[in-house]
A.B. asks: 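Structure below; questions to follow.
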2 protein chains.
Amino acid sequence: MIKHLFFTFKKQTEKDKRLIAAIKNIVGYKPFNLALYRLVTQHSSIAKKHHNGFKQSNERLEYLGDAILGAVVADYLFKKYPFKDEGFLTEIRSRLVNRESLTQLAKKVGINTLLDVDFFQNKYSYKSVYGDMMEAFIGAVYLDKGYKFCHNFIIKRLILPHYDLDEIIENNTNYKSILIEWSQKENKEIFFNIENIIEDRRKKEFQAVITVNGKKVAQGSGLNKKKAEQNAAFKACQFFKLT
Amino acid sequence: MIKHLFFTFKKQTEKDKRLIAAIKNIVGYKPFNLALYRLVTQHSSIAKKHHNGFKQSNERLEYLGDAILGAVVADYLFKKYPFKDEGFLTEIRSRLVNRESLTQLAKKVGINTLLDVDFFQNKYSYKSVYGDMMEAFIGAVYLDKGYKFCHNFIIKRLILPHYDLDEIIENNTNYKSILIEWSQKENKEIFFNIENIIEDRRKKEFQAVITVNGKKVAQGSGLNKKKAEQNAAFKACQFFKLT
């Protein structure tokens with residue numbers, strides 16, 4: 001099924017040895033199919049064209065890893081919180097698994113240093129490439145070792161050591177209402193606007209802009225309007241030193 | 001882990017026997033934990049309150065099944081199309097797995113007749129409840145039999161017999177351009193507007209409205225603007241007998 005990946009088979013280089021050491025460190029086992037992990041380190045900005053015109057990069061693995069991660073975290077939360085409704089489960093999952101937290105995770109486990117990326121192609125931001133790479137890595141572990149192994153890897157080696165679930169659940173500070181209360185007390189005119197919806201093939205992102213007395217003071221983005229507003233409000237609260 | 005589901009243990013009724021027969025027919029095996037499948041048949045409109053205030057319905061299973069289905073189909077397409085990029089894979093997955101196709105699937109396999117739902121609570125439409133139930137059923141199979149079994153069940157008993165993948169991939173008719181060409185030929189003024197974004201906790205839906213010479217002729221919805229426009233354009237093409 002994954003024969004095509006063996007086309008890239010080659011002798012182990014110094015870089016491969018570093019990669020194998022990193023995988024052992026992160027996953028706890030030696031990789032079986034190293035070609036998969038080599039692909040994880042190939043950002044599309046440096047992708048080579050395959051003989052048939054197809055560009056080899058970590059994007060396909062990212063697509064797969066994203067889906068596997070979603071399923072594993074859904075399963076974990078479902079079983080951990082038997083009396084919570086699906087709204088709660090969905091919300092906590094999106095707090096655990098989003099671009100920003102995945103980028104942080106990539107840095108915590110240290111795979112970010114392995115990425116081959118050309119940042120001079122201005123399109124790419126540091127913010128997303130490492131989170132994308134984290135998903136690609138998960139996709140590689142899934143293909144290399146199967147669902148059950150990958151499930152354990154995600155929960156025991158990524159989620160439990162690097163996230164404080166209780167804190168994530170508790171974190172319900174409503175920065176928007178803090179800001180509104182403050183504006184009423186200080187007699188300021190405040191507006192929350194959704195200015196942009198950035199859409200790519202899989203994700204939508206909203207951008208909220210906050211103006212106070214006609215002056216733009218903060219902007220924030222998020223996967224829905226509410227989150228975008230909360231993120232913008234958080235920055236505005238910091239700006240006005242309200243937190 | 002899923003002990004709480006055993007709280008609902010009770011003697012098999014006539015309804016249970018029908019349910020077991022249906023499961024055997026759809027999945028190919030007898031269920032191990034019938035309580036899971038009983039829950040699949042409970043729409044939130046008739047949900048009973050649990051002793052601790054928690055409402056038992058198929059919504060939690062739907063959340064889980066949605067994630068598992070996404071992962072399985074992602075994996076299947078990843079391996080089936082080794083030289084297609086992630087944009088293609090994402091697009092084909094969303095054509096396979098969307099509310100409408102899942103509703104059709106539920107009817108094809110016949111689980112829709114098993115649902116306990118109160119349609120007099122006007123909030124619910126036939127359109128989504130059966131698709132949601134299909135996802136809940138997949139969630140139940142996953143919990144009952146594990147990932148590997150569920151993977152085979154989804155591919156061999158749902159996708160392969162009920163979908164024509166080649167046709168789904170071929171289906172690229174661009175109704176919007178058919179409509180625009182027609183309007184230019186007929187000297188009509190045509191507008192495509194995105195009027196509403198309906199958002200619930202997990203899904204966003206766009207609504208496109210098409211006006212011709214100032215008169216609304218069609219509307220359509222979809223998970224992104226392009227799809228909403230295509231759906232509206234398809235209806236407009238039918239209205240003007242262009243297809």
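Residue numbers begin at 1 in each chain, while the letters A, B, ... track the order of the sequences. Note that the structure is a prediction, hence the values are computed from the model and not measured.
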A.B. asks: Residue by residue, scan residues 146-158 of chain A and write down, ordered by number, those that have a heavy-atom distance under 4.5 Å to chain B; if none do, write 'none'.
C.D. replies: A/Y147, A/H151
A.B. asks: A/Y63 and B/D85: side-chain donor and acceptor closer than 3.5 Å?
C.D. replies: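 There is no such pair (donor and acceptor under 3.5 Å, judged by atom type) between the side chains of A/Y63 and B/D85.
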A.B. asks: Measure the CG-CD distance between A/L64 and B/E86 for me, rounded to the nearest 0.5 Å.
C.D. replies: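 Here the rounded value is 12.0 Å.
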A.B. asks: Does NZ belonging to B/K84 count more than 12 external heavy atoms closer than 6.0 Å?
C.D. replies: no
A.B. asks: Please list, chain by chain and in numerical order, all residues satisfying ring pair (Phe, Tyr, Trp, His ring centres under 6.0 Å) with B/Y37, sequence neighbours excluded.
C.D. replies: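 Applying ring pair (Phe, Tyr, Trp, His ring centres under 6.0 Å) to B/Y37 gives B/F137.
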A.B. asks: To the nearest 0.5 Å, how far apart are OH in A/Y81 and CZ in B/R60?
C.D. replies: 11.5 Å
A.B. asks: Might you point out which heavy atoms bring A/A67 and B/G70 nearest each other, and give the distance in Å?
C.D. replies: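 Taking every non-hydrogen atom into account, CB-O, 3.9 Å.
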A.B. asks: Check side chain to side chain donor-acceptor pair (under 3.5 Å) between A/K227 and all other residues, then give those that pass, not counting sequence neighbours.
C.D. replies: A/S94
A.B. asks: List the residues meeting side-chain contact (heavy atoms from CB on, under 4.5 Å) with B/N231, not counting sequence neighbours, and say none if there are none.
C.D. replies: none
A.B. asks: Which region of A/V73, side chain (C-beta onward) or backbone (N, CA, C, O), has a non-hydrogen atom less than 4.5 Å from a non-hydrogen atom of chain B, or is it both or neither?
C.D. replies: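 Backbone only.
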